[in-house]
Q: 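One structure is given below, represented as structure tokens, and several questions about it will come after.
Bear in mind the structure is a predicted one, so any value in this text is a computation, not a measurement. For reference, positions follow the sequence shown, starting with 1.
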Amino acid sequence: MRKFVILFIMFFLCNIAYSAQLKKFSVLSFKVNGPDEFRYLSQGVQSMLISRLSTPSKLEYVKVEHSSKTPIKVIQENELDYLIFGDVTVVGTNISIDINVLNKNGKSFSQNISAPQDELLSRFDEGVILIKNRMLGIKPKPKKTQNIPESTPETQKLNPSFEYAKSPGTHNMGYIRTQSLPFEMVGMDVGDANGDNKNEVFILSHHKVYAYILIKGKLKKIGEQGFGRNINGLNINVFDSNRDGYAEIFISAIDNEGSPSSLVMTFKNNKFRIKQERLKFYLNVKRIPPDFTKRIVAQKAGIGRIFAPGVHELVSMRGKYQLGAKIKLPEGANVFNFAYLPEKKSYKIILAGYYDRLKVFSDDLNPLYKTNTRYAGSSIGIITSNALPGLGENVTDPKNMYYIPTRLIPYDLERNGQFEIIVAHNMSVSSMFFSRYREFPEGQIHALIWDGVGLNILWKTRTIKGSIMDYGINDIDNDSKKELYVGINTHPGPVGFRKKRTIILVYELNLKK
């Protein structure tokens, strides 16, 4: 009996201690001051605060109905320790969030989070940590930070539209903009597929591929080929794999069941011909060490997952494509999300990982660095109901959608022996708050360099209005000079009702000879 009483008292005291430690809070929807397209931030900020502040046995979220009641009345009626409310102000590309925290004793504190759209998420997380610590009574510890510069010293300007460190540039110079095309782009590539020593522009839509030539800033269509409504294109590469002077067109695609169903085409005499179809591989073209020449790479679908383990070279045997040697890559790599970054005696491996962060690995596959900025985000995805983590799947929502990253292009534009990674930086506040929303109203192309510590910006284009779908460096207009080209889709608007259209931007490059 005595033991029972002791246990009861201990249990009672533990419950009292637990109740004393646990603090209850609620978050009201935020008022938004700005254009209608940002109204979603009212619930977006609210849900982000709830998920980030909720901590087992420490901070517990309580849903409340507040209507027109005063904040202190809401606290009293719901027996809360804290009530959080505030507003969001949008001015241009800058977003300011004012967060007010009121406790049950009527005392309050506030936290302001202000940042450009592309930096908002990291600043938001930093601000929430400060709020949580104050709610839990944790005093901030002073810490030393080392700021790594995001750009190198001034060098030769590749293009007047590119922004170097402290370089004002000229806003409307340095690039041409083609006419808009009446379809939505999935990807594009440039190469000579008809053997006339001139490059064609190949644009992939969801169910069709188009061929154009670029003449004085205008796209002239010279061919098109559909491959069926039951086949959905994922990416496109133009590459002369057998060195016969005619580049093949490699299209990675899936069928309506989500299984790989890729194609290889030719474009001889300006006529598309399907060389092989229904290939059960995902396809891509990458520069592979030790010589960093272009090769076709492929990967099978996994059982119960998007990708089977291992990325392989694709070889042609007696006219049929099959998997060849396996490529040395870190865990999490797949056929779409990696690039080798050449160095003088070795290389680094760049991976587009979870939540659009770039990871850097050494040549012996040791992790070295991960970016805070989001890169290579796209709206082209593969849905699977049984995706398993650990093989590159970017599982960001309950339906397990893997979004295929945009290209990672290693290139020595400065001709100084140091390769940059050319990558898209698509920007969308909505995609930060809602994982299923993958429309990007604007973006930039960034050139990143590895300085031995991290990936830092060498230069970037000015902000491009529209979603960046694909890009590359080649002689797109056949003037014997290489250009940076960027394929974009126009933004469908805040509610997605406008029809997307394709536009290509072409940036002249002042390359060293």
Side-chain angles (χ1 to χ4, degrees), residues 118 175-191 200-212 214 219 221 224 227 231-238 249-254 262 282-285 335-337 339 352 356 358 374-382 394 401-409 421-428 430-431 437-447 460-474 476 483-493 496 498-507:
D118 58 328
Y175 66 87
I176 62 171
R177 178 187 179 100
T178 69
Q179 78 274 28
S180 62
L181 304 175
F183 58 83
E184 179 182 348
M185 174 189 291
V186 169
M188 65 173 292
D189 204 3
V190 172
E200 295 83 50
V201 180
F202 294 91
I203 302 176
L204 177 67
S205 68
H206 291 286
H207 311 291
K208 188 179 290 188
V209 61
Y210 302 84
Y212 293 87
L214 184 63
L219 290 165
K221 188 167 73 171
E224 65 178 78
F227 38 83
I231 302 296
N232 298 277
L234 300 176
N235 77 349
I236 182 171
N237 286 279
V238 181
I249 300 133
F250 296 88
I251 297 174
S252 192
I254 55 174
S262 299
Y282 300 106
L283 302 180
N284 216 338
V285 173
V335 72
F336 300 113
N337 73 344
D356 304 333
L358 298 186
R374 294 185 169 205
Y375 287 108
S378 85
S379 57
I380 305 301
I382 304 172
N394 188 357
M401 174 75 81
Y402 174 70
Y403 291 102
I404 296 172
T406 58
R407 292 185 196 268
L408 304 172
I409 303 175
I421 281 288
I422 313 299
V423 63
H425 173 48
N426 274 320
M427 295 179 277
S428 170
S430 304
S431 67
Y437 188 90
R438 297 287 290 192
E439 297 294 344
F440 301 95
E442 59 186 20
Q444 298 169 332
I445 297 295
H446 287 194
K460 60 184 178 181
T461 64
R462 293 188 180 275
T463 299
I464 297 167
K465 297 298 182 181
S467 182
I468 298 173
M469 303 302 296
D470 214 338
Y471 41 90
I473 298 172
N474 208 330
I476 189 173
E483 295 86 19
L484 168 69
Y485 58 84
V486 182
I488 65 172
N489 283 332
T490 57
H491 190 246
R498 298 177 196 159
K499 186 177 180 181
K500 297 179 185 178
R501 300 176 70 87
T502 291
I503 296 171
I504 297 176
L505 306 180
V506 182
Y507 296 82

Q: Checking Thr178 now: which residues fulfil side chain to side chain contact (heavy atoms under 4.5 Å, CB included) with it, not counting sequence neighbours?
A: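 Once residues adjacent in sequence are excluded, the partners of Thr178 under the side chain to side chain contact (heavy atoms under 4.5 Å, CB included) criterion are Leu214, Leu219, Ile503, Ile504.
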Q: Are a donor atom and an acceptor atom from the side chains of Thr463 and Gln444 found within less than 3.5 Å of each other?
A: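 Yes, side-chain donor-acceptor contact under 3.5 Å.
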Q: To the nearest 0.5 Å, what is the distance between CG (Asn426) and CD1 (Ile464)?
A: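 Between atom CG of Asn426 and atom CD1 of Ile464 there are 9.0 Å.
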Q: Once rounded to the nearest 0.5 Å, what's the spacing between atom OH of Tyr402 and atom CD1 of Ile382?
A: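 Reported value, rounded in 0.5 Å steps: 7.5 Å.
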Q: Only counting residues at least two apart or in another chain, list the ones meeting ring-ring contact (aromatic ring centres under 6.0 Å, His included) with Tyr485.
A: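 Expected list: none.
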Q: Gln179: which residues meet the side chain to side chain donor-acceptor pair (under 3.5 Å) condition with it, sequence neighbours left out?
A: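 Side chain to side chain donor-acceptor pair (under 3.5 Å) check on Gln179 returns nothing, list empty.
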Q: The criterion is side chain to side chain donor-acceptor pair (under 3.5 Å); which residues satisfy it with Glu483, sequence neighbours excluded?
A: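 With neighbours one apart ignored, the set is empty.
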Q: Report the distance from atom CD1 of Ile409 to atom OH of Tyr471, rounding to the nearest 0.5 Å.
A: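 So the gap between those two atoms works out to 6.0 Å.
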Q: Between Ala376 and Leu408, which heavy-atom pair has the shortest distance, and what is it?
A: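 It is CB-CD2, 4.4 Å.
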Q: Check the orientation of Phe336 and Tyr282. Use parallel for under 30°, tilted for 30 to 60°, and perpendicular for over 60°.
A: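 Perpendicular.
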Q: Supply the atom-to-atom distance Asp189 CG to Glu200 CD, rounded to the nearest 0.5 angstrom.
A: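 Answer rounded to 0.5 Å: 11.5 Å.
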Q: Mind checking side chain to side chain contact (heavy atoms under 4.5 Å, CB included) for Asp470 and listing every partner two or more places apart, or none if nothing turns up?
A: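 With sequence neighbours excluded, Asp470 shows a side chain to side chain contact (heavy atoms under 4.5 Å, CB included) to Met188, Arg407, given in chain and number order.
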Q: Might you point out which heavy atoms bring Thr406 and Met469 nearest each other, and give the distance in Å?
A: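 Residues Thr406 and Met469, closest heavy atoms: CG2-O, 4.0 Å.
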Q: If the condition is side chain to side chain contact (heavy atoms under 4.5 Å, CB included), which residues does Ser262 pass it with, not counting sequence neighbours?
A: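 Counting only residues at least two positions away or on another chain, Ser262 forms a side chain to side chain contact (heavy atoms under 4.5 Å, CB included) with Ser252, Leu279, Leu283.
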Q: Is a side-chain N or O of Thr461 found less than 3.5 angstrom from the main chain of Ile445, in a donor-acceptor match?
A: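 Such a contact is found between Thr461 side chain and Ile445 backbone.
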Q: Once rounded to the nearest 0.5 Å, what's the spacing between atom OG of Ser379 and atom CD1 of Ile468?
A: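 CD1 of Ile468 is found 12.0 Å from OG of Ser379.
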Q: Between the main-chain N or O of Ser467 and the side-chain N or O of Asn489, is there a donor-acceptor pair closer than 3.5 Å?
A: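 The answer is no, because no donor-acceptor pair under 3.5 Å joins these two groups.
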Q: Once you round to the nearest 0.5 Å, how far does NZ of Lys499 lie from OG1 of Thr490?
A: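 Rounded to the nearest 0.5 Å, the NZ-OG1 separation comes out at 10.0 Å.
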Q: Phe227: what forms a ring-ring contact (aromatic ring centres under 6.0 Å, His included) with it, not counting sequence neighbours?
A: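 For Phe227 there are no ring-ring contact (aromatic ring centres under 6.0 Å, His included) partners, ignoring immediate neighbours.
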Q: Do any N or O atoms from the side chain of Asn237 and from the backbone of Asn284 form a donor-acceptor pair under 3.5 angstrom?
A: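 No.
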Q: Between the main-chain N or O of Ile422 and the side-chain N or O of His446, is there a donor-acceptor pair closer than 3.5 Å?
A: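 No; judged by distance alone, with no hydrogens or angles, the pair does not exist.
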Q: Residues in side chain to side chain donor-acceptor pair (under 3.5 Å) with Tyr212, at least two apart?
A: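 Expected list: none.
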Q: What are the two closest heavy atoms between Arg501 and Ser180, and how far apart are they?
A: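 Minimum heavy-atom contact is NE-OG, 3.2 Å.
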Q: Taking side chain as C-beta onward, heavy atoms only, is Val209 less than 4.5 Å from Ile251?
A: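 Touching, per the 4.5 Å side-chain cut-off.
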Q: Mind checking whether Phe183 and Tyr210 have ring centres under 6.0 Å apart?
A: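 When the ring centroids of Phe183 and Tyr210 are compared, they turn out to be within the sub-6.0 Å range.
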Q: Give me the atom names and distance for the closest heavy-atom approach of Phe202 to Ala211.
A: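 Nearest heavy atoms, Phe202 then Ala211: CE2-CB, 3.7 Å.
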Q: Go through the structure and list residues passing side chain to side chain donor-acceptor pair (under 3.5 Å) with Lys500, not counting sequence neighbours.
A: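 If we apply the side chain to side chain donor-acceptor pair (under 3.5 Å) test to Lys500, skipping adjacent residues, the hits are Glu184, Glu439.
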Q: Considering all heavy atoms of both residues, which atom of Leu204 and which atom of Leu234 are nearest to each other, and what is their separation?
A: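 Scanning both residues completely, I find the closest heavy atoms to be CD2-N, 4.1 Å.
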Q: For residues Glu442 and Lys465, report the shortest heavy-atom separation together with the two atoms involved.
A: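 Distance-wise, the nearest heavy atoms are OE1-NZ, 2.7 Å.
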